[in-house]
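This report concerns only the one structure given below.
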Protein chains: 2
Amino acid sequence: MRLTTKGRYAVTALLDLAIHADQGPVNLADISRRQGISLSYLEQLFAKLRRSELVCSIRGPGGGYRLGRKPQSIRIAQIIDAVNESVDATKCQGKGNCQQGETCLTHHLWQDLSEQIHDFLGSISLSDLIARSEIKRIAQQQDKRHEMLTPPELDGARIAATFLQ
Amino acid sequence: MRLTTKGRYAVTALLDLAIHADQGPVNLADISRRQGISLSYLEQLFAKLRRSELVCSIRGPGGGYRLGRKPQSIRIAQIIDAVNESVDATKCQGKGNCQQGETCLTHHLWQDLSEQIHDFLGSISLSDLIARSEIKRIAQQQDKRHEMLTPPELDGARIAATFLQ
DNA sequence: CAAAAGTTGACTGAAACAGTGGGGTATCAG
DNA sequence: CTGATACCCCACTGTTTCAGTCAACTTTTG
Ligand code: FES
Ligand code: FES
């Protein structure tokens, strides 16, 4: 089992996407700025998310990504499965044969743990996360800090400042 | 968060140790044979387990390792903590500052998950595992397969066969 | 058409994992 | 005393994954 930045980034990005869904398609450059994730790395992750049909893409100017389904039916476990190999904690991938074809002493323990984690992450949907008050607050601060590039007229100096940090 | 062979091996080895505790100190070579874990690798793991006082060692011929405490009070979470860095699932190690000092969108989710895993692994002790019927059965088969080198008189040819597989 | 966006693939440095090897040192049986 | 047995310690290595970069596409809109 492994849970690293990869899975965390994927969930963060999808949550950002869900929060800004009402403003039309969201492009990766915005997510990259707001969440501090490398743009190229995001592209890799979204390629996998698209293959799992968790998001769909709209190409061309004004395009971006949209959620593939309703936020209520997107579970955290599915997001992690899409980018990571799985949250399985056993060595044998549940086959029970990691010791020369025999079941090892601790197989059942890891199987129970896997089930526990999967149930937990499977019980939480994107909309559950959006509903949490702390998350709303954090998202607003992030929007404010990056000054909403879409609604007002774009200001060249300000964009340059954003890119050059 | 990561849960790999390292933590699994540590739990497996300690469980083997607990099962064979009634026959005096258990040496690593026996654990290595029974559980199919590299001897040198086991030594590294036991160095850490000893530092955490989960086991104590007896040197010299007839020596080996013994549990540092009663099996009831050794929790799986402690074993994994001893060899692995931790089962924390957050990026910030619980500090809430992984985005340039600010709390990231998904911090609370990972914190909840960490707590969930820690509670689960912290609620299970070595003696809980020993009590499970499947584990008793598997341990008996392992003992049988490796022919109990201690009780009967040692047979040169048989030992050679074991070493040469 | 040109610019904005997504799409794809190859590539990289760093870290961790899983394991090997070789030299120790304490202890006990004979 | 001596040598075998076991733990102890440290340096090293091949492989994999992560996290990220770079460059060259294609599609779509204004
Ligand atoms: S983890 Fe499944 S048999 Fe060992
Ligand atoms: S995981 Fe704690 S702040 Fe991001």
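For the numbers below, each heavy atom of this structure counts, side chains included, while hydrogens, waters and symmetry mates do not. In what follows, every chain begins at residue 1, and chains take the letters A, B, ... in the order their sequences are listed.
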The complete set of side chain to side chain donor-acceptor pair (under 3.5 Å) pairs with one or both residues in residues 65-80 of chain B, sequence neighbours excluded, reads none
Would you please name every residue forming a salt bridge (charged side-chain N to carboxylate O under 4.0 Å, His left out) with B:Glu134, sequence neighbours left out?
B:Arg132
Once side chain to side chain donor-acceptor pair (under 3.5 Å) is applied, do any residues pair with B:Ser127, and if so which ones, sequence neighbours excluded?
B:Ser125
Sugar-phosphate means primed atoms, P, OP1 and OP2; the rest is base. With that split, encode nucleotides 4-14 of chain C 5' to 3' as B, S or - using protein heavy atoms under 4.0 Å.
BSBBB------
Nearest-Å distance, CG (B:Leu45) to P (C:dT20)?
13 Å
Using whole Å, report how far CD1 of B:Ile37 lies from C1' of C:dC17.
15 Å
Applying side chain to side chain contact (heavy atoms under 4.5 Å, CB included), can you list everything that pairs with A:Ile124, at least two apart in sequence or on another chain?
A:Ile76, A:Phe120, A:Asp128, A:Leu129, B:Leu109
Can you list the residues that meet the salt bridge (charged side-chain N to carboxylate O under 4.0 Å, His left out) rule with B:Asp16, with sequence neighbours excluded?
B:Arg34
Value in whole Å for how far the P atom of D:dC18 lies from CG of A:Leu3:
11 Å
Exam field: side chain A:Ser32 to backbone A:Leu28, donor-acceptor pair closer than 3.5 Å
no
Give the rounded distance in Å between these two atoms: CG of B:Leu49 and P of D:dC8.
11 Å
Rounded to whole Å, please give me the gap between CZ in A:Arg2 and P in C:dC17.
12 Å
Please list residues of residues 4-20 of chain A whose heavy atoms come under 4.0 Å from any atom in DNA chain D, ordered by number; otherwise none.
A:Thr4, A:Thr5, A:Lys6, A:Tyr9
Side chain to side chain contact (heavy atoms under 4.5 Å, CB included) partners of A:Glu53, counting only residues at least two apart
none
Holding to side chain to side chain donor-acceptor pair (under 3.5 Å), I want the full list of residues that pass it with A:Gln99, two or more places apart in sequence or in another chain.
none
